[in-house]
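Written below as structure tokens is the structure these notes are about.
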Amino acid sequence: QVQLVESGGGLVQPGGSLRLDCAASRSIFNIYTMGWYRQAPGKERELVATIATGGSTNYADSVKGRFTISRDNAKNTVYLQMNSLKLEDTAVYYCNAVLFGSQLWGQGTQVTVSS
């Protein structure tokens, strides 16, 4: 089965940066949209950013101007560059891919922002 493999999470100080990467475990076709979601303890999973095949992006208001989503369609890979990180960005971040008739989710990677 195809899986999404994430990397790049970790511990960072406020104001710092991290880049999250997510790639399919093998070659697949027809990934229409890729994105990132996050879930803090005791909270519902929320959308962070998405990017369509043609490059159109959407961001949560809380991350606009700080986070940048990008993708490499040939590699079925999505990236999330996170700058100016805040304490409230602490969460488990999940990669997502929308395919024809289905969705894929990554295993989640912990991002902790702490001084």
Side-chain angles (χ1 to χ4, degrees):
Q1 297 110 327
V2 176
Q3 297 184 12
L4 299 179
V5 181
E6 304 175 6
S7 63
L11 176 66
V12 65
Q13 293 184 337
S17 298
L18 286 173
R19 192 185 77 167
L20 305 182
D21 302 347
C22 175
S25 59
R26 63 180 177 89
S27 296
I28 53 177
F29 297 97
N30 303 120
I31 296 179
Y32 298 105
T33 303
M34 301 190 76
W36 292 92
Y37 293 70
R38 67 186 182 187
Q39 187 169 21
K43 305 294 184 180
E44 294 185 355
R45 188 174 300 185
E46 64 177 357
L47 184 147
V48 177
T50 62
I51 182 167
T53 302
S56 298
T57 58
N58 286 293
Y59 294 93
D61 289 341
S62 59
V63 307
K64 287 181 179 177
R66 300 187 298 118
F67 291 10
T68 302
I69 189 170
S70 61
R71 67 185 291 173
D72 185 330
N73 290 332
K75 297 180 179 179
N76 296 139
T77 301
V78 63
Y79 309 92
L80 185 68
Q81 178 66 47
M82 304 184 293
N83 298 326
S84 301
L85 283 161
K86 304 176 179 180
L87 297 179
E88 52 263 42
D89 295 318
T90 296
V92 177
Y93 284 69
Y94 296 90
C95 179
N96 170 262
V98 177
L99 294 80
F100 176 74
S102 65
Q103 290 190 52
L104 299 174
W105 289 95
Q107 80 285 352
T109 184
Q110 178 71 48
V111 172
T112 302
V113 184
S114 176
S115 59

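This structure is a prediction, so every number in the text was calculated from the model and none was measured. The analysis underlying the following values was restricted to heavy atoms, covering all of them including side chains, and did not include hydrogens, waters or symmetry mates.
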What pairs of residues pass the ring pair (Phe, Tyr, Trp, His ring centres under 6.0 Å) test when at least one of them lies in residues 50-99, not counting sequence neighbours? none

Disulfide bond (SG atoms under 2.5 Å apart) contacts touching residues 34-94 (sequence neighbours left out): none

With sequence neighbours excluded, what pairs up with K64 under the salt bridge (Lys or Arg N to Asp or Glu O under 4.0 Å) test? D61

Tell me if the CD atom of Q81 is crowded by more than 12 foreign heavy atoms within 6.0 Å. yes

Honestly curious: do L87 and L85 fall in one hydrophobic cluster under the side-chain, below-4.5 Å linking rule? yes

Ignoring hydrogens and angles, tell me if any N or O in the side chain of T57 forms a donor-acceptor pair with the backbone of I51 under 3.5 Å. no

What's the verdict on side chain to side chain contact (heavy atoms under 4.5 Å, CB included) for R38 and D89, showing C-alpha distance, side-chain angles and the deciding distance? CA-CA 9 Å; R38 67 186 182 187; D89 295 318; 3.0 Å; yes

Kindly compute the distance separating OG1 (T50) from OH (Y37), expressed to the nearest 0.5 Å. 6.5 Å

Look at atom CD of E44 and say whether more than 12 heavy atoms of other residues, nucleotides or ligands are closer to it than 6.0 Å. no

Which atom pairs, donor and acceptor, lie under 3.5 Å between side-chain atoms of residues 104-115 and protein residues at least two apart or in another chain?
from	atom 1	to	atom 2	distance (Å)
Q110	NE2	A91	O	3.4
Q110	NE2	T112	OG1	3.3

Do the side chains of L80 and V78 get nearer than 4.5 Å, heavy atoms only? no

Salt bridge (Lys or Arg N to Asp or Glu O under 4.0 Å) involving R45 - partner list, sequence neighbours excluded: none

Beyond-backbone contact of I69 with M34, side-chain heavy atoms, under 4.5 angstrom: no

Using a 3.5 Å cut-off and no angle test, enumerate the donor-acceptor pairs between side-chain atoms of residues 9-23 and protein atoms at least two apart in sequence or in another chain.
from	atom 1	to	atom 2	distance (Å)
S17	OG	N83	OD1	2.9
R19	NE	D21	OD1	3.0
R19	NH2	D21	OD2	3.1

